[in-house]
K.L.:
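This is the structure, below, for whatever I ask next.
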Amino acid sequence: MDPTETVPDYERFEREQIAQDRDRQRPDTVEIDEPRSREVVTSLLEAGVVEPIPEQEVLQHVPSGKCFDSDLALVYFHEGWEAATEE
């Protein structure tokens, strides 16, 4: 017997609605390209969320301590980190 068959319809509907709401609240990182990632990194530098480490030629994500040599990788990481800390 399929376990979903034992769940009442209203509970299934409610779970689907909650999942859809969660999906709408998550940032959409698919749209980020290199020029946009540079803009985001610049704003993160200005906010103090990211610091350059010139000797290693990387940017450090201050709250996590992780280092990146790619603006795009840093932006993807930061957006995921923000989403995880908001939940």
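Position 1 is the first residue of the sequence; numbering continues from there.
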K.L.:
In Å and rounded to the nearest 0.5 Å, what is the CG to CZ distance from D33 to R38?
P.N.:
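Going from the CG atom of D33 to the CZ atom of R38 covers 8.5 Å.
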K.L.:
Does CD in E11 sit with more than 12 non-hydrogen atoms of other residues, nucleotides or ligands closer than 6.0 Å?
P.N.:
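Enclosed: over 12 neighbouring heavy atoms sit under 6.0 Å from CD of E11.
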K.L.:
Show me the donor-acceptor pairs, under 3.5 Å and distance only, between side chains in residues 62-70 and residues at least two apart or in other chains.
P.N.:
from	atom 1	to	atom 2	distance (Å)
S64	OG	H61	O	3.4
S64	OG	H61	ND1	2.7
S64	OG	K66	N	3.3
S70	OG	L72	N	3.3
S70	OG	A73	N	3.1

K.L.:
Using the ring-ring contact (aromatic ring centres under 6.0 Å, His included) rule, collect all pairs that involve residues 38-58, keeping only residues at least two apart or in two chains.
P.N.:
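Output for this query is empty, none listed.
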K.L.:
For S37 and D71, which heavy atoms make the closest approach, and how far apart are they?
P.N.:
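Heavy-atom minimum between the residues: OG-CB, 3.8 Å.
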K.L.:
Go through it in stages, so that I can follow the logic: the residues are L74 and V40, the test is side-chain contact (heavy atoms from CB on, under 4.5 Å), and I'd like the CA-CA distance, side-chain angles, deciding distance and then a yes or no.
P.N.:
CA-CA 9 Å; L74 172 59; V40 173; over 6 Å; no
K.L.:
Output yes when D9 and R12 qualify as a salt bridge under the 4.0 Å nitrogen-oxygen rule, no when they do not.
P.N.:
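Salt bridge present between D9 and R12.
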K.L.:
Heavy atoms only: give me the nearest H78-L44 pair and the separation to one decimal.
P.N.:
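Taking every non-hydrogen atom into account, NE2-CD2, 3.6 Å.
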K.L.:
Who else is in I53's hydrophobic cluster (ILVMFWY, side-chain heavy atoms under 4.5 Å, direct or via others)?
P.N.:
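V58, all in the cluster of I53.
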K.L.:
Are there more than 12 heavy atoms of other residues, nucleotides or ligands under 6.0 Å from atom CD of E57?
P.N.:
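Result for CD/E57: open.
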